[in-house]
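Take a look at the structure set out below.
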Amino acid sequence: MPSKPMNNSMRGLQLFIADLKSAQLQQTQQKRIQSELVNIKTNFGTSGLNGYQRKKYIAKLVYIYITTNTAKVGEVLFGLEQCLVLLKSSVYSEKAIGYQALELLMHHKEAQESVLFPVIEQVKLDLTSADTDTVALALNFLGIAGGCSRTVGNQLFYDVFKILKSPLAPSLLRSKAALAFLMLVRKSPEVLTDQDDATLAEWVRCIFALLDDEKNYGLILAGVPLIEYFARHVAYDQCIKLVPKLIQILYSCVVVAKDNPNEFPEEYRFAKMPNPWLVSNISKLLNVLITPSDSHGRFTSLNIDQQSLGRLRLCVTKVIEFNGIQGTLSNATQHAILFTLINLACKLDPTADALNNSVAVLTSLLGSKDTNIRYLTLDALTKMSFSSGGRVKDTLRKDYLPRLLQILQEERDASIVCKVLDLLYALASEENVEYIVEQLLHFLASSTKRPLSIRNDLCVKVAALIENSSKSPEWVALSLLKLLSLTPVESNSTKGDMICQRVCYLVVNEERLRKVTCMNLVNYLLAPAPSTCILKASAFIFGEYANLLLENISIGDLFNVFAEKYFQSDNTTRAMILTTLIKLYRFNPAIGSAAIKFYQLELTSLDLELQTRAYQYLKIIQLDKLKKHDMKLLDTIFSEMPPFPRKKALFAPDNATGEFSEDSELPSFTDNIPSSKSNSRAPTPAPTPPPSRNIKTTYTSVTLSDGWESGFKRMLLHQQGVFYKNSLLKVLYRIIQNPSQPSISIVSLTTVNNAELPITGFYPEVIPFRTSGNPSYITNVTEMSNFTIEPGQRTNFSFELQTRYSFPVIEAPIVTFNFRYGGHNRDIGLKLGYGITSTISSKDNVSTMAQFIQRWKTISDALGHHGEAQDVLDPESSTQLEVNLQRMGFAIVEQESVPHTVFATGIVHTKSSGNFGCLLKLMITDSAVKLTCKTTSDGSLAQELVECVVQAFHSTT
């Protein structure tokens, strides 16, 4: 808030408010308001108005606007011009009243048409003011009313952004600027999408700078919602880089603050909890960033280092331990944190014990008296069931299924009932689906006094559970018939029709279902008062397949049943029955006279649809009789329904989130409902972040820094050394090859701050040449660096590099270092000196000249010139030639028979394509060193080995 206090002791305003509050009748209150409006208009028309009076009258108008619930907005807008005068005042209290009034009024179209552009002009001036409180007022206005018009965002977004990115601006203003900027881009997203990639990438990094000061929790709290917007819509791939940083902040709030309560600022505590607002917002952001990686809903670590993942798991554990805190506010705060963080639990590949503890904590909240807590608990359990595989489901099935069914019987809140049904759907398996459906149908039969909305939702979701089961088609159809019979008579026609249509769909598409469905449907139809859904389903199915029931009931009897039910039905069902009757006539023309009489009764119907159908069907029967029942016309018009095209399922959830929708593909009867041993339901497409635009750092888009070649060549030759250095920092490297798996190496980069100021926002990133399409190598971060490096301090960044296939050294990974120094963004791009020679080992290799010659001849005989490559090295390379080859991993063959020639051998290791032997022959002359390489691979391996040696020996400094 602004630091300056406001003197609001306006006597006239206080008396006016007192008069309105003391008015016993609304008529009296309205009379007092009208008299005050007249008085204010009169005074605004005079020329001697001072700042105090203007401020007082605007405050009265604002109070009238609020107390009449905006009903008198049209009568108070005459004060807009005076609000502009207040905005231009240099007195803080007057400017504040002007802004506060406009924050309320600018959302109305009339106000925008009147003063929008003058207000924008004044706000623009105030944003550049040297007075902090003036800037704060302008940012407050934009944070509240900035979304009133796209024009505001288009005109002012850059002025706000300049404050947000300025390292010299006070934290208070940067916090307000972050929230104001979020409001503007939400209303006017084109201010971002219209920028070029380079500009937008620079903006993203400036926004990330809001997280630099880990102790400035207020600034971080304001920045997290803005980062979440960017993650969802603009720069998801860039925001992923922040995951370790966000986890570090979360860890400080949840773990460090709990273990060291005296070290955490008291101002950021609430109800004995450390910074619950920030914990909740960061958890939401992490849920956006940590998304499923494939169509099966499986999650990956997103290249997060193991230390960060361990910290995040510990945060979840600590939050679960908070459950013992007592007190109303403490419980509410604890639950807010619990429900936001526990959704992350299933994304972290937790242990069985961790999941069981999470389930135990959540299920203990099912008995809460707070409806919101019960709802959120069920929601969290549902999401966990779908995203964590079989472990959570097995626990809930075994220990809590009866409890959930009990809640269903006792619960009166419709939203809770729906969530219980969602969870039961998640827990359904091949073993228990019949039991669950039986219990739900029993509940539906006994819930006639429940609100209609509950029963409607129950019908739809039970239908989904039945339809998506792996049971036989017969069980599915008969269960749906029973559900149709229980559908409330007054039920919402849309939801009832959905179930009815699914029954008809199944019967038409499954020939083996037709007779058994018809036989069972007769019993429901003959009931004294069948449901509307039963009548509709009967009308369609018997119209198609009544001939299958001739052994049980005649066509004439069916005609009489439908004729009787006709007058008990609504007009939509009557229209269907009229069509059914003529279809029955097609099966048995003997009922023609009765059908004609029936249709003649409806020729005078008040409903035009019924009248039209009766007339058309009557004419068809009369025409058929004239043609002596040749049935050609009837067979053409009412031929048997062909199979329906494959439709989408009635109702199905997303595997990762547990959110239910009506747009999932309908499984066939071979697509089983998950058994208790399975890990997930039939796969549905996993949700991905929905960016309207996404900025990606690609391999080709990185600009390598000056002097990168020195470290690149040094790394090809040496296992450790200096990778890069400039006036700000020095990067040291070390490569450790896995002795048991030489195709895997750990690359460790140590960065030292050689500058006078801290380096902030430090983020190194490994960028492979290719990540899709069966890449030649893959990387995985094992240790993340610190985000802030103080002068003279160092930080480590490590990653695992696994070579799957051989690759050209020109495609070696690139490491980028993004950081801020002195308020400016800096970038360093370096290519790793890591090629196929980095996997070489000389163990169990050729050791004598005779063996070398024999192997060389064997390869030549087998492959000829395939698998061979040649090149020429500089003559300077002959210095310490053998020593440098050994540094690269080759074994030197000891010999004296061939002068001025070096023979070397090695074994190349790859994870996926196997291991290959390689032989080198280097002939040294005064003008050059001629290099010949042979390998046991007939591909490009020899050429790639030669390229590595040439690059390494080009300069060894």
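All residue numbers in this chain count up from 1 along the given sequence. Every heavy atom of this structure was used, including side-chain atoms; hydrogens, water molecules and symmetry mates were not.
- Taking the six-membered ring where the residue is Trp, the centroids of Tyr724 and Trp708 are separated by 6.0 Å or more.
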key: Stepwise side chain to side chain contact (heavy atoms under 4.5 Å, CB included) check, Ile907 with Cys918   = CA-CA 6 Å; Ile907 298 177; Cys918 62; over 6 Å; no
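- Heavy-atom contacts from other residues, nucleotides or ligands closer than 6.0 Å to CD1 of Ile810 number 12 or fewer.
- Using modelled atom types, no side-chain atom of Ser937 and backbone atom of Leu941 make a donor-acceptor pair closer than 3.5 Å.
- Leu873 is listed as a side-chain neighbour of Leu922, based on a closest heavy-atom distance under 4.5 Å.
- In summary, the aromatic rings of Phe903 and Phe852 are positioned with their centroids under 6.0 Å apart.
- Both the sub-6.0 Å distance and the 45° axial angle are satisfied by Lys921 relative to the ring of Trp856.
- Although no hydrogens or angles enter the test, the distance criterion places a donor-acceptor pair under 3.5 Å between the side chain of Tyr821 and the main chain of Leu757.
- Residues Asn753 and Glu790 have side chains that never bring a donor and an acceptor to within less than 3.5 angstrom of each other.
- A donor-acceptor distance shorter than 3.5 angstrom exists from the side chain of Gln895 to the backbone of Thr901, with no hydrogens or angles considered.
- Of the N and O atoms on the side chains of Glu944 and Ser806, at least one donor lies less than 3.5 Å from an acceptor on the other residue.
- Residues Gln238 and Thr697 bring a donor and an acceptor atom of their side chains to less than 3.5 Å of each other.
- Arg826 pairs by the side chain to side chain donor-acceptor pair (under 3.5 Å) definition with nothing, not counting sequence neighbours.
- The aromatic ring centres of Phe769 and Phe807 sit 6.0 Å or more apart.
- A distance of 9.5 Å separates OG1 in Thr905 from CD1 in Ile840, rounded to the nearest 0.5 Å.
- For the residue pair Ala942 and Gly867, the shortest heavy atom distance occurs at CB-O, 3.4 Å.
- The shortest heavy-atom contact between Pro742 and Gln737 is O-NE2, 3.2 Å.
- A pairwise comparison of heavy atoms in Tyr834 and Ser743 identifies OH-O, 4.3 Å as the closest pair.
- Judged as a salt bridge (Lys or Arg N to Asp or Glu O under 4.0 Å), and not counting sequence neighbours, the contacts of Glu228 are Arg232.
- At a threshold of 4.5 Å between non-hydrogen side-chain atoms, the residues Thr816 and Asn818 count as touching.
- A distance-only check finds no donor-acceptor pair linking the side chain of Thr760 to the backbone of Asp212 [under 3.5 Å].
- Between Leu749 and Val815, some side-chain heavy-atom pair lies under the 4.5 Å cut-off.
- Proximity of a side-chain donor or acceptor of Ser838 to a complementary backbone N or O of Gly835 within less than 3.5 Å is detected.
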Working for side chain to side chain contact (heavy atoms under 4.5 Å, CB included), residues Glu202 and Thr199 = CA-CA 5 Å; Glu202 189 71 14; Thr199 301; 5.7 Å; no
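- More than 12 heavy atoms of other residues, nucleotides or ligands lie within 6.0 Å of CG in Asn774, so this atom counts as buried by the packing criterion.
- Within the model, atoms CE of Met784 and OG1 of Thr782 stand 11.0 Å from one another, a figure rounded to the nearest 0.5 Å.
- Between Leu931 and Val946 the shortest side-chain heavy-atom distance falls below 4.5 Å.
- A donor-acceptor pair under 3.5 Å links the side-chain atoms of Arg820 to the main chain of Arg205, judged by distance alone.
- At distances below 3.5 Å, not a single donor-acceptor pair connects side-chain atoms of Thr803 with backbone N or O atoms of Tyr805.
- Taking the side chain as every heavy atom from C-beta outward, Ile814 and Leu832 never approach each other to under 4.5 Å.
- From Leu168, atom CG reaches atom CZ of Arg174 across 9.5 Å, with rounding to the nearest 0.5 Å.
- Between Phe819 and Phe817, the gap from one ring centroid to the other reaches at least 6.0 Å.
- In this structure, Glu783 contributes its side chain and Ser798 its backbone to no donor-acceptor pair below 3.5 Å.
- Heavy atoms only, all atoms of each residue included: Ala812 and Tyr777 are closest at C-OH, 3.5 Å.
- Counting heavy atoms from C-beta outward, Met849 and Ile853 have side chains that approach closer than 4.5 Å.
- By the 4.0 Å N-to-carboxylate-O rule, Glu214 lies close enough to Lys245 to be salt-bridged with it.
- Between atom OG of residue Ser878 and atom NE2 of residue His900 there is a gap of 11.0 Å, rounded to the nearest 0.5 Å.
- You'll find the ring centres of Phe161 and Phe181 inside the 6.0 Å limit.
- In terms of heavy-atom proximity, Leu164 sits nearest to Cys206 at CD2-O, 4.3 Å.
- A 4.5 Å side-chain heavy-atom check between Leu717 and Arg714 finds every atom pair outside the cut-off.
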query = Leu945 and Thr935: side chain to side chain contact (heavy atoms under 4.5 Å, CB included), yes or no, with the steps?
reply = CA-CA 9 Å; Leu945 282 166; Thr935 67; 3.6 Å; yes
request  = Show your working on side chain to side chain contact (heavy atoms under 4.5 Å, CB included) between Leu801 and Phe799 and close with a plain yes or no.
outcome  = CA-CA 6 Å; Leu801 205 160; Phe799 57 92; 4.1 Å; yes
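- A side-chain N or O of His909 and one of Ser841 form a donor-acceptor pair less than 3.5 Å apart.
- When atom types are taken as modelled, the side chain of Asn786 and the backbone of Ile789 share no donor-acceptor pair closer than 3.5 angstrom.
- The structure places NE2 of His865 at 7.0 Å from NZ of Lys934, a figure rounded to the nearest 0.5 Å.
- Here the closest non-hydrogen pair linking Leu716 and Cys948 is CD1-O, 3.9 Å.
- Under a cut-off of 6.0 angstrom, the local environment of CZ in Arg734 is sparse, with at most 12 non-hydrogen atoms contributed by other residues, nucleotides or ligands.
- Between the side chains of Asp861 and Thr858, no donor-acceptor pair is found at a separation under 3.5 Å.
- In this structure, CD1 in Ile924 is found 14.0 Å from NZ in Lys930, a value given to the nearest 0.5 Å.
- Ser940 contributes no side-chain N or O that, together with a main-chain N or O of Gln943, makes up a donor-acceptor pair within less than 3.5 Å.
- Under the 4.5 Å side-chain criterion, counting only non-hydrogen atoms from C-beta, Thr788 is not in contact with Ile759.
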